[in-house]
Every structure is written in C-alpha cells, then in structure tokens.
Amino acid sequence: MNASSDAEDSKPTNSSGLPAMLDEILRLSPAVVYYTEAVPPYRIEYISPNLRPFLRIDDEKLTASGGWFHLVHPDDVAPTLAEFEAWLHGDSTRDLNRRYRIMTHEGSYIWVEDTCRKIFKEGRLMHIAGAALDISRQQKVEETLRKIADAAPGMIFQFERRADGSYRIPYASHQMRDLFGVDPGDVENGLDRLLEVFHPDDVERVMQSVEESERTQTFWSLDYRVCVSGSIRWLHGQSAPERTPEGGTLWHGLVMDITRQKQLEHELREMSIRDALTGLFNRRYFFDVVSRELDRVGRTASPFCLIMVDLDEFKAINDQYGHAKGDEVLVAFAGILTARLRRTDVPARLGGEEFVIFLPDTLLDQAFWVAEEIRADVAAIRLTDARDVPFGVTASFGLTQCQASDQHPDDLLRRADSALYQAKHQGRNQVVSIPAIT
C-alpha cells in the first residue's frame with residue numbers, strides 16, 4: 001500500500017465501478033484491499049470501504065499527497081519501501097508480504113501485514129493488487145513469545161519430518177548460534193549444516209530416537225554431544241510430537257546445555273569409585289568389576305587374573321618417617337601402576353598398603369611378568385626423609401587366574417592372598433603365583 005508524495009490525482013475511484021454487493025461484502029472483511037498503478041506515483045485506483053473500521057485510517061489521509069509516507073512509522077518507511085521497489089522491479093512473480101506500523105486517525109500505531117501481487121496485461125505489468133490486515137494482536141503475541149524464547153534457559157525450536165521423509169527446523173530461537181554454532185536460517189529447509197556439528201558417535205542414536213518418537217508419537221528426550229569451536233559439549237533435548245495435516249510430524253521443544261551437569265556427574269561418579277589419596281579405584285568398584293567379569297567369563301570363557309600387592313614393612317615406614325611420608329609412598333606406587341597397566345586393567349586400593357590389580361583377557365604367565373615389572377619399578381623407588389636421607393621401598397605380589405569354579409570375587413582373592421602370604425613368608429620383594437586348577 002504505497003502512495004507517492006507527488007500524487008496529484010490519487011483519490012480512489014471508490015465503488016462507482018464495482019457492484020454494490022461487492023462493496024457490502026468487503027465492508028465485512030477484516031482485510032483492506034486496494035488496487036494501484038504499477039508505476040510511480042502508484043496512484044490508488046481502489047480502496048475497499050472497510051479502511052476506517054478495520055485499520056482506523058481515513059482514506060483522505062492515505063490518498064493525500066505523501067499520505068502513506070506520513071502515516072507509516074518513520075523507522076519502517078525506508079526498509080519497507082526498499083523491499084517493495086526491489087520486488088516490483090525484480091523478476092519474481094511471487095506475492096510480496098511486508099509487515100510495518102501505520103498511524104491510525106487516533107494517532108496510535110498498529111501493525112499491518114501488507115500483501116502485494118503484480119497484475120499483468122498482455123505480458124506487461126500494469127497494476128498492483130493488495131490486501132492489508134491489522135495484525136497488532138498477533139504481533140504482540142509473537143513479541144511476547146520472542147521475549148519468552150530469549151529468556152528461556154535454552155533453545156526453543158520446532159523440528160519437522162515432512163511426509164517425504166526429509167527434515168527441517170522451521171523455527172529456532174537465537175540460542176541456536178550459542179549451542180550449535182549454526183544460524184537458524186541455515187536449517188529452515190534441511191539438517192545438513194546441523195548434523196555436521198553432532199558428535200559422530202551420537203548421530204545414529206539421535207536419529208533413531210527421533211524415528212521412534214515419530215513412530216509412537218511419544219515425548220522425545222535425549223542427551224547427546226555436539227562439537228562446536230573445537231570443544232565437545234553435552235546438550236539435552238526434549239520435545240512433544242504432533243501429526244501435521246500433510247502427513248508429517250512436527251515437534252515443539254527445548255534444547256539446553258548440560259555440559260556442566262555432565263561434568264559434575266562424572267566428578268561425583270569418580271569420587272564414588274576412586275580412592276581419594278591414590279586416585280586408584282576403590283574396593284567397592286573393584287568388586288563390582290570382578291563380579292561382572294565372572295558372569296561374562298561364564299558365557300565367553302575369557303581368562304583373567306588377579307594380582308594382590310602389599311607394600312613391605314609399610315608400618316615401619318609410617319613409624320620411622322611419619323604418615324605424610326607413608327602417603328607419599330602410596331602415591332608413588334599408584335603412579336607406577338597407572339604408568340605400567342593397560343587402560344582396560346583395574347588397579348584398586350583395598351585399604352592401607354594393600355592393593356589388587358584386575359587383568360582382563362590375561363593368562364597366568366602373562367600376569368606374572370606384569371607383576372615382575374611392577375615389582376622392579378617399586379624396588380627402584382628412592383624417597384628421602386626429613387634429613388634428605390634416601391630410603392627405598394619393596395612390595396610382595398600374589399597372583400592367580402580365574403577358574404571355572406569361581407563364583408565370587410572372594411574366591412579369587414583368597415587364592416591371591418594365599419600366594420601373597422607365600423611371597424611374604426619367603427622373604428618379601430617377590431612374585432608368587434598359584435596356577436589355575438584345570
């Protein structure tokens with residue numbers, strides 16, 4: 001709805017050339033329709049008679065010289081006019097849809113949605129037909145929703161699986177840039193840009209959960225990882241699905257960053273399974289692992305071994321050098337285990353100076369040489385007392401391999417402890433193994 005500032009004869013023709021019935025129908029329509037020339041000054045040839053009732057604008061003010069420019073909000077004139085002229089002089093034959101504010105006869109502004117269509121005659125652009133609708137209430141609702149979205153603790157989104165099986169995100173709040181490093185406009189018609197930032201190990205799991213949610217039309221909720229700016233972050237998504245008239249599914253939901261929560265969960269788990277002083281696993285975790293392994297061995301016949309370790313004369317170290325120095329010995333020994341063992345091995349502190357090592361997929365002779373290497377590393381430890389006088393440490397080792405008759409971790413611990421007792425009795429600083437009974 002544009003009226004040029006130099007229009008001299010811009011009065012609408014009103015209803016003189018239209019059937020009275022059409023005018024009466026248009027009086028009831030909430031949309032104000034108009035018809036203008038397609039060249040400056042875009043003379044208005046017709047405006048429906050509902051201009052004042054629905055937009056609260058006098059047609060004299062609108063069609064007067066420069067009327068549109070005077071009535072449209074100053075901040076909206078330039079961008080709205082530029083958009084109109086670019087569309088008008090371009091090759092597009094699609095309708096132009098604009099939103100802007102316009103002043104009523106009361107002096108207040110309302111939001112209108114103005115839709116324009118090019119009218120051709122014999123291939124030549126001759127007129128512009130349009131319809132303007134008061135959308136102030138809708139605009140207010142949308143602004144309220146935007147404020148809510150801006151204040152939300154994450155990204156509000158709509159996710160659609162169309163009837164042809166393709167995906168898109170028709171709406172995502174600006175938080176998408178922070179969470180995914182992706183602009184919302186990049187995913188309005190497809191997911192390629194978004195899938196690029198998903199952690200490779202999680203893509204299949206995410207898509208399977210979406211497909212399950214669509215199949216069952218049940219609430220979707222999932223934790224997954226994305227890789228943004230070289231770092232991995234954890235996200236939690238949840239949404240409710242609904243069928244679309246076209247045969248697809250549209251989800252409405254929220255995505256939140258839960259990286260810190262996952263870090264805390266990991267820290268709490270580590271605290272629950274680790275020995276506070278040495279950082280090795282604790283007794284409870286060790287028993288859980290061996291119990292699961294005994295169950296697995298019953299199905300797969302995969303061997304494993306246990307090594308029990310006791311630091312020799314540790315009480316004497318505490319008595320002679322103090323408990324702080326004793327702690328230093330324990331930490332040094334834990335460092336040796338961490339350096340020597342595989343990632344799949346489980347070293348644990350049972351208590352005091354007693355340790356145990358679980359070696360999965362390991363035969364007895366292999367475990368023996370692991371124990372020998374650790375024994376030699378321990379014997380090479382050199383610490384100093386308060387007067388910088390060096391002293392050494394040794395350890396004794398007892399090991400065993402699992403047997404078909406083993407039902408509980410204590411079954412293996414008893415044999416390993418028996419081997420450890422022999423090592424101590426035979427002079428300490430040595431490895432003794434008890435062969436498996438076949």
Side-chain angles (χ1 to χ4, degrees), residues 267 270-287 289-290 304-360 362 364-401 412-434:
E267 291 170 7
E270 287 295 298
M271 290 172 61
S272 70
I273 65 175
R274 296 278 182 180
D275 172 61
L277 175 63
T278 63
L280 301 178
F281 293 106
N282 59 25
R283 183 186 188 94
R284 184 181 66 181
Y285 181 77
F286 166 78
F287 271 83
V289 169
V290 177
F304 69 88
C305 290
L306 249 60
I307 303 174
M308 286 197 70
V309 189
D310 189 273
L311 296 176
D312 298 329
E313 306 290 357
F314 185 73
K315 184 177 182 303
I317 293 174
N318 277 333
D319 292 343
Q320 183 174 351
Y321 303 110
H323 287 279
K325 190 59 65 173
D327 288 348
E328 190 177 335
V329 171
L330 295 174
V331 171
F333 175 69
I336 290 172
L337 295 186
T338 302
R340 275 288 180 188
L341 298 176
R342 301 168 300 182
R343 185 177 58 85
T344 54
D345 299 334
V346 179
R349 184 185 180 192
L350 295 181
E353 71 275 20
E354 291 184 332
F355 297 82
V356 64
I357 304 167
F358 164 71
L359 302 174
T362 305
L364 193 63
D365 58 344
Q366 296 170 317
F368 182 89
W369 289 111
V370 171
E372 269 295 334
E373 290 175 341
I374 296 173
R375 185 201 62 77
D377 289 343
V378 174
I381 292 177
R382 287 297 177 268
L383 301 172
T384 58
D385 62 13
R387 294 175 296 177
D388 288 332
V389 176
F391 68 93
V393 182
T394 61
S396 299
F397 298 75
L399 61 101
T400 189
Q401 183 177 321
L412 290 102
L413 286 173
R414 277 192 291 268
R415 290 201 307 275
D417 188 54
S418 176
L420 176 62
Y421 176 80
Q422 293 180 38
K424 291 281 191 182
H425 185 71
Q426 293 170 188
R428 301 185 179 88
N429 189 26
Q430 57 186 281
V431 179
V432 172
S433 62
I434 293 183

Considering only heavy atoms from C-beta outward, does the side chain of [X] approach that of [Y] to under 4.5 Å?
| X | Y | result |
| --- | --- | --- |
| F391 | K325 | yes |
| L420 | F397 | no |
| L306 | F286 | yes |
| W369 | E372 | yes |
| F304 | L412 | yes |
| T278 | F333 | no |
| K424 | D312 | yes |
| M308 | D310 | no |

Spacing of R428 atom CZ and L311 atom CG [to the nearest 0.5 Å]: 12.0 Å

Nearest-0.5 Å distance that lies between atom CZ in R414 and atom CD1 in I434: 12.0 Å

Ring-face cation of R349 near F281 (centre distance under 6.0 Å, axis angle within 45°):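 Judged by the rule (NZ or CZ under 6.0 Å from the ring centre, within 45° of its axis), R349 is not positioned above F281.
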
Heavy atoms from other residues, nucleotides or ligands near OH of Y321 exceed 12 (cutoff 6.0 Å):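 Atom OH in Y321 is packed in, count exceeds 12.
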
N282 (side chain) donor-acceptor with S272 (main chain) under 3.5 angstrom: yes

Any donor-acceptor pair under 3.5 Å from R342 side chain to L359 backbone: no

